[in-house]
Amino acid sequence: MTQNFLKHNILELKLEGFEGPIDLLLSLVKDQKVDILRIKILPLAEQYLEFLKKIIKNDIEIAAEYLVVGSILAFIKSRELLPKDENENENDEIDDLSEKLKFQILKLAEFQKLSKNLLLRKQLGIDFFKRGEHEIFSKKIKYKYEVSLYDLTKSYAKAISHEDNSKMTIAYSKLFTVEKALTNLKNSLCFFKDWNYLFTFLPKEIKDTLEIKSAYASHFVASLELAKEGHVSLKQNPKINDLQMIKND
Amino acid sequence: MNDNTKLDHNLKLKLLEAFIFASPEPVKFNLLKQFEDNEDNLIKLLEELDLKFQNFGFNLININNTYCFRTSEEVSSLLNIEQEASKQLSRAATETLGIIAYHQPITRSQIEEIRGVSLSKGTLDILFEIGWVKPGKRLELPGRPSTWVTTNKFLDHFGLSNVNQLPGLDELKEAGLLNFDNKVFKDPSELTNLNNND
Amino acid sequence: MNDNTKLDHNLKLKLLEAFIFASPEPVKFNLLKQFEDNEDNLIKLLEELDLKFQNFGFNLININNTYCFRTSEEVSSLLNIEQEASKQLSRAATETLGIIAYHQPITRSQIEEIRGVSLSKGTLDILFEIGWVKPGKRLELPGRPSTWVTTNKFLDHFGLSNVNQLPGLDELKEAGLLNFDNKVFKDPSELTNLNNND
């Protein structure tokens with residue numbers, strides 16, 4: 001519920017007509033008039049970040065999805081600008097990330113084209129027709145009820161949402177959920193290669209005491225979950241008494 | 001359709017039959033002139049069309065100088081089968097059907113509890129008559145109340161292979177079908193007091 | 001219609017064409033068995049019917065094993081008819097429809113992954129309301145996420161007999177664009193599942 005609530009709030013911020021960050025990247029690629037299969041990520045990253053900078057000036061509450069992609073691009077850009085170290089396998093990672101981003105751009109481009117073509121097809125009732133008249137030829141008539149699955153689910157949804165309104169619901173509390181902590185850790189992991197104290201990953205902008213407390217707890221649970229899945233390793237120095245985390249390869 | 005004199009004879013016939021086929025009501029003679037502006041020729045074409053469909057399951061019919069296709073008499077007497085005509089299902093019945101579909105097996109009083117109103121006698125009757133719901137097992141409760149479940153006919157009508165295919169609550173919510181304008185939800189700011197007590 | 005074996009061939013054809021012609025929606029193959037209960041013979045009759053109307057202004061169309069008449073391609077563009085106003089789809093809805101059509105069955109979060117943005121309220125709702133998409137099977141994954149698929153109404157509307165006829169589908173498969181292995185962003189449902197296991 002909380003996540004949906006956040007999701008929809010973010011969505012209301014329209015970014016100058018772009019349907020999401022990949023859509024923005026795609027239109028930047030199109031502006032370059034380059035073959036979509038030969039996208040160069042570096043110039044693209046520069047343009048995207050430039051665009052984002054302008055937007056941020058006007059609206060600080062920029063959609064989170066744009067910022068996530070922005071940070072990935074900033075990361076790629078900074079790594080590509082550094083001299084390459086043969087021994088490091090990080091370069092592979094960068095290539096991998098660029099490839100994946102290219103793939104997403106390519107995929108969206110393909111689906112945009114196909115969707116557009118779909119609507120250009122000949123359509124029933126506009127370009128070709130069914131029989132216009134409804135004819136009843138039989139004396140025995142059975143009534144067929146015109147209810148679509150949509151009608152059914154819609155009226156069900158209506159029935160139960162008024163049910164819910166008549167019941168007590170537990171008040172919304174300002175807690176940092178494990179779900180959110182997981183997302184936060186997963187997103188941050190790309191940028192931290194070494195051992196880091198777990199609680200350095202906590203979002204800095206939380207002010208509310210209760211929320212901070214819950215964020216500590218949820219990040220702890222989230223780190224255990226990630227360790228269980230094998231994404232990270234955890235260690236605890238008995239002297240410092242603070243958990244440290246590193247990303248597994 | 002300016003060059004209609006150039007259209008060949010067969011194409012004109014096809015256009016006429018397609019136009020009459022697709023029109024929502026019998027077509028006036030004058031409207032058919034768009035395909036052949038010479039009236040005599042148009043009459044000849046329509047006569048030809050009449051002949052073409054003479055021995056079909058449906059025929060070209062002329063009613064007061066309007067044209068339409070109708071099931072042929074020969075066939076319609078044999079089509080002594082049930083034919084379907086559409087009818088609207090009442091809101092109460094649709095809601096009840098939805099509740100049964102999502103909560104089955106469910107008793108009558110449980111349905112009433114969810115809807116917040118009592119079920120009128122006809123509502124379940126209609127659904128039963130259509131064949132979309134049937135009585136399920138009795139519950140092992142005092143009075144052994146009988147439950148209602150959906151039928152295969154229900155699945156068939158809604159194009160589902162089983163009831164699990166019904167969109168879940170999350171999907172309904174995300175598709176915007178389910179609005180939780182929950183007034184009971186407290187404003188987060190009210191929680192500040194709670195915090196201070198910590 | 002008990003004695004349908006006695007009906008002669010031509011009469012059966014007439015009954016079939018009359019029944020399909022008069023039905024407001026495409027007729028299921030099974031419903032046509034009332035005229036010929038031997039499936040092979042019924043298929044032959046329908047093939048014959050298809051041929052009979054081949055060169056007409058309207059033709060017999062098979063959509064996923066349902067049958068109907070639709071105006072022929074040859075004359076459709078020459079007809080000046082407004083049957084039903086079509087809704088203007090938003091860009092998000094158009095893209096979502098395309099993605100569902102080519103990728104089906106597909107979950108909501110997979111659609112979001114391709115578009116790189118969450119689906120706003122109402123996008124799927126509109127497609128569901130028009131009747132072009134419906135919920136498909138649930139995936140055997142944690143959380144059993146529901147999928148979306150296109151309907152026969154969608155096929156009928158865009159003049160397709162089945163989804164394999166979608167233009168460019170093979171190229172899409174060959175280019176590996178229907179895979180989900182290569183992704184920058186994690187499927188949000190993975191996170192939810194993790195949570196549910198807690």
Side-chain angles (χ1 to χ4, degrees), chain B residues 1 3-4 7 10-24 27 31 34-35 49 52-53 55-59 69-76 78-86 156 158-162 164-179, chain C residues 1 7 10-11 13-25 28 30-31 34-35 49 52 55-58 69-72 74-76 78-81 83 107-108 118-129 134-138 143-149 151-153 192:
Chain B
M1 208 58 50
D3 272 357
N4 69 42
L7 295 172
N10 273 337
L11 185 57
K12 278 181 194 169
L13 276 182
K14 282 189 211 171
L15 280 167
L16 285 173
E17 70 194 15
F19 192 80
I20 297 169
F21 165 86
S23 294
V27 188
L31 208 55
Q34 61 179 306
F35 304 110
L49 213 57
K52 180 178 175 183
F53 286 96
N55 207 23
F56 275 48
F58 49 89
N59 312 129
F69 287 110
R70 289 282 177 269
T71 313
S72 73
E73 267 174 43
E74 178 197 3
V75 165
S76 62
L78 281 172
L79 282 174
N80 206 3
I81 40 164
E82 288 184 26
Q83 200 195 1
E84 289 178 336
S86 350
D156 195 40
F158 291 99
L160 301 163
S161 45
N162 59 58
N164 288 333
Q165 268 186 22
L166 284 167
L169 286 191
D170 286 343
E171 279 107 16
L172 292 182
K173 224 180 283 168
E174 282 170 343
L177 284 174
L178 199 54
N179 286 322
Chain C
M1 206 58 48
L7 295 172
N10 274 336
L11 189 53
L13 273 183
K14 277 191 216 174
L15 285 168
L16 281 175
E17 72 191 13
F19 191 75
I20 298 170
F21 190 79
S23 296
E25 301 295 330
K28 285 183 187 147
N30 279 345
L31 207 57
Q34 59 185 308
F35 305 113
L49 213 57
K52 179 177 175 184
N55 207 24
F56 275 50
F58 46 88
F69 286 107
R70 296 288 180 256
T71 57
S72 74
E74 185 189 359
V75 299
S76 287
L78 298 170
L79 296 174
N80 235 340
I81 300 180
Q83 269 197 345
T107 68
R108 181 194 182 85
S118 7
L119 268 180
S120 66
K121 268 185 189 180
T123 305
L124 261 173
D125 189 30
I126 281 174
L127 298 173
F128 188 27
E129 187 174 5
K134 64 172 187 182
K137 281 187 186 148
R138 288 176 182 276
R144 308 204 359 104
S146 151
T147 59
W148 292 90
V149 296
T151 60
N152 281 355
K153 196 173 172 190
T192 329

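No hydrogens, no waters, no symmetry mates; every other heavy atom, side chains included, goes into these values. In what follows, every chain begins at residue 1, and chains take the letters A, B, ... in the order their sequences are listed.
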(request) Hey, could you give me the CG/CG distance between Asp125(C) and Leu119(C), rounded to the nearest 0.5 Å? (result)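 Rounded to the nearest 0.5 Å, the CG-CG separation comes to 11.5 Å.
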(message) Would you compute the distance between atom OG of Ser118(C) and atom CZ of Arg108(C) and round it to the nearest 0.5 angstrom?
(response)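 CZ of Arg108(C) is found 8.5 Å from OG of Ser118(C).
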Taking side chain as everything from C-beta outward and backbone as N, CA, C, O, which of these in [X] sits under 4.5 Å from a heavy atom of chain B? Side chain, backbone, both or neither.
X: Lys137(C); answer: both
X: Phe56(C); answer: both
X: Asn10(C); answer: neither
X: Glu74(C); answer: side chain

(request) Go through the atoms of Asp156(B) and report whether side chain, backbone, both or neither lie under 4.5 Å from a heavy atom of chain C. (result)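 When you check distances to chain C, atoms from both the backbone and side chain of Asp156(B) fall under 4.5 Å.
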(request) Taking the side chain as every heavy atom from C-beta outward, state whether Leu31(B) and Phe19(B) have any atom pair closer than 4.5 Å. (result)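 SC-SC contact between Leu31(B) and Phe19(B) confirmed.
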(message) For Phe53(B) and Phe58(B): C-alpha separation, side-chain torsions, deciding distance, then whether ring-ring contact (aromatic ring centres under 6.0 Å, His included) applies.
(response) CA-CA 7 Å; Phe53(B) 286 96; Phe58(B) 49 89; 5.8 Å; yes
(message) Donor-acceptor pair, distance only, cut-off 3.5 Å: does the side chain of Lys134(C) make one with the backbone of Gly159(B)?
(response)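 Confirmed, Lys134(C) side chain pairs with Gly159(B) backbone.
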(message) Can you tell me which of Asn55(B), Asn162(B), Leu16(B), Leu13(B) forms the most heavy-atom pairs within a distance under 4.5 Å of chain C?
(response)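 With the most close heavy-atom pairs to chain C, the winner is Asn55(B).
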